2 protein chains.
Amino acid sequence: MPKDTFFNLPEDKRTLICDVAIHEFAEYSFDRASINRIVAKSGIAKGSFYQYFEDKQDLFLYLMQLAAEKKVNYLSPLMHNPDQHDIFTLIREIYKSAIQFAAENPEYAEISKKLLANKGAPIYREVMADSFPSAYMFFETLLENAIARGEVRADIDVKMFAYMIASMNTLVIEYYTKYVAQHYDKKMLETIEKFLDFLKYGIGENNSESQKGVKL
Amino acid sequence: MPKDTFFNLPEDKRTLICDVAIHEFAEYSFDRASINRIVAKSGIAKGSFYQYFEDKQDLFLYLMQLAAEKKVNYLSPLMHNPDQHDIFTLIREIYKSAIQFAAENPEYAEISKKLLANKGAPIYREVMADSFPSAYMFFETLLENAIARGEVRADIDVKMFAYMIASMNTLVIEYYTKYVAQHYDKKMLETIEKFLDFLKYGIGENNSESQKGVKL
DNA sequence: GTAAGATGTGACCCTGCGGTCATGTGACCA
DNA sequence: TGGTCACATGACCGCAGGGTCACATCTTAC
């Protein structure tokens, strides 16, 4: 947690520091990010920085917290009653909010990506300890319920596909932001529909049910 | 490329240096890897290191080249006649060889993972310039041919699924090495079959063809 | 034996890092 | 006016990084 001194700062100064820091972490990863650069670009003295934050990690964890708060705002209202919707609808909403967040906050998305990439680093565990334990579990529960309701084949490996579905979210985001568009627009919805159709029916030809999900 | 001096070295010394370096890059990522540590662990003087290699990048690219050569040996003989097999068989073989390589060369796999994670870093482009242009193209061609032969639905987005299939390989490897086993054994084949079945039929319930792919 | 060339060596250079601290400054209150 | 307290400052510290270089030591050939 930042020190009181930081929160006593005028808001524009605080925002400036955060913006500069986000930019820095998006460009350089935790280890290579430089406090010297951050203070230079923020126009504050290095000593001041350490009046605001304990250390580099303190700043980073604070930014991650800001990101998490911001991310919650993207969640669909459908998620408030997960039992009332089928799993594919829920996954669609989750993916949508994640892509929208990534598209509208590319620097946060970049930081997450860099973090995910450095799974060995000490900072990774520090961050994940705060936020991640629930993600895979959530998809596992989702799958189990969906199987019970007959929406999903009962013979799948739940753990494996909880992992796959959680991770494929990142893949779809990467594909979308890299090859389709940098912004959240109607093509995003098309991309998600394509993926959901695949998730449901696969890419194999001999499947009478396929193409149902795609209405493009 | 390493200098002549390096190749004039006795083989055991060369191997030792490579082993130490691989270990270092597997643990620390390109930027954080330390030449000081490498020379210390190899028992050579720092000056000697720069008689062998131009710089850190020179060493790293050389190791990547070694990895690529080693990886080729894992490729299935089926890949010599890709036209004679259906796309799911080919994907199975590609995934198998990738997992086997990762399982038997965990440190190389770790280096790749770290590299993939730092897509912004200069070293990433340097490596990918050598090796990557063909990967997505390969899967695109594979998909187009498969569609022409009626193995794959004609309505899919080829570019998107070339990307997904290439990337999901990494996901399956990660899942396998993290949750199933550290070695290449029969469970690996089961994991791949589960994935192929998913790729072909999806996870949706209303699919008369599903479960065909799984014979466990 | 000795000259020449290839190899080996580690002290050393510069740079940038995260982090500290003595000192300065200005607002507020008595 | 003087004291106090929150905040600002940048020179400075120790350290580790990549990379260099003058010199020592081996190998080979005549």
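The structure displayed is predicted, hence computed values, not measured ones.
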*Where along nucleotides 5-21 of chain C does protein come under 4.0 Å, by heavy atom, of base (B) or sugar-phosphate alone (S), with - for untouched nucleotides?*
--SBBB------SBBBB
*Could you pull out the closest heavy-atom pair between A:Leu90 and A:Pro82, with the gap in Å?*
CD1-O, 3.4 Å
*Are any of the side-chain nitrogens in B:Arg92 or B:Glu193 under 4.0 Å away from the carboxylate oxygens of its partner?*
yes
_Ring geometry between B:Tyr179 and A:Tyr163 (parallel below 30°, tilted from 30 to 60°, perpendicular above 60°)_ = perpendicular
*Please, which pairs that meet salt bridge (charged side-chain N to carboxylate O under 4.0 Å, His left out) have at least one residue in residues 2-15 of chain B, sequence neighbours excluded?*
none
_Residue pairs, two or more places apart or on separate chains, that pass salt bridge (charged side-chain N to carboxylate O under 4.0 Å, His left out) and touch residues 167-183 of chain B_ = A:Lys119-B:Glu174
*Not counting sequence neighbours, which residues clear side chain to side chain contact (heavy atoms under 4.5 Å, CB included) with B:Glu24? List them please.*
B:Tyr28, B:Ala33, B:Ser34, B:Arg37, B:Ile38, B:Lys41
*First and last nucleotide of DNA chain D in contact with chain B, 5' to 3', at under 4.0 Å to a heavy atom: what are they?*
D:dG17 to D:dC21
*asked:* For B:Phe7 and B:Tyr62, take the angle between the two ring planes, folded into 0 to 90°, and tell me which bin it lands in: parallel under 30, tilted 30 to 60, perpendicular over 60.
replied: perpendicular
*asked:* Using five base pairs at each end to define the local axes, how bent is the helix from C:dG1-D:dC30 to C:dA30-D:dT1, to the nearest 10°?
replied: 20°
*May I ask you to check whether B:Phe198 and A:Phe198 place their ring centers less than 6.0 Å from one another?*
yes
*Would you call the rings of A:Tyr95 and A:Phe195 parallel, tilted or perpendicular, where under 30° means parallel and over 60° means perpendicular?*
parallel
*How about A:His23: does its NE2 atom have over 12 heavy atoms from other parts shown lying under 6.0 Å from it?*
no
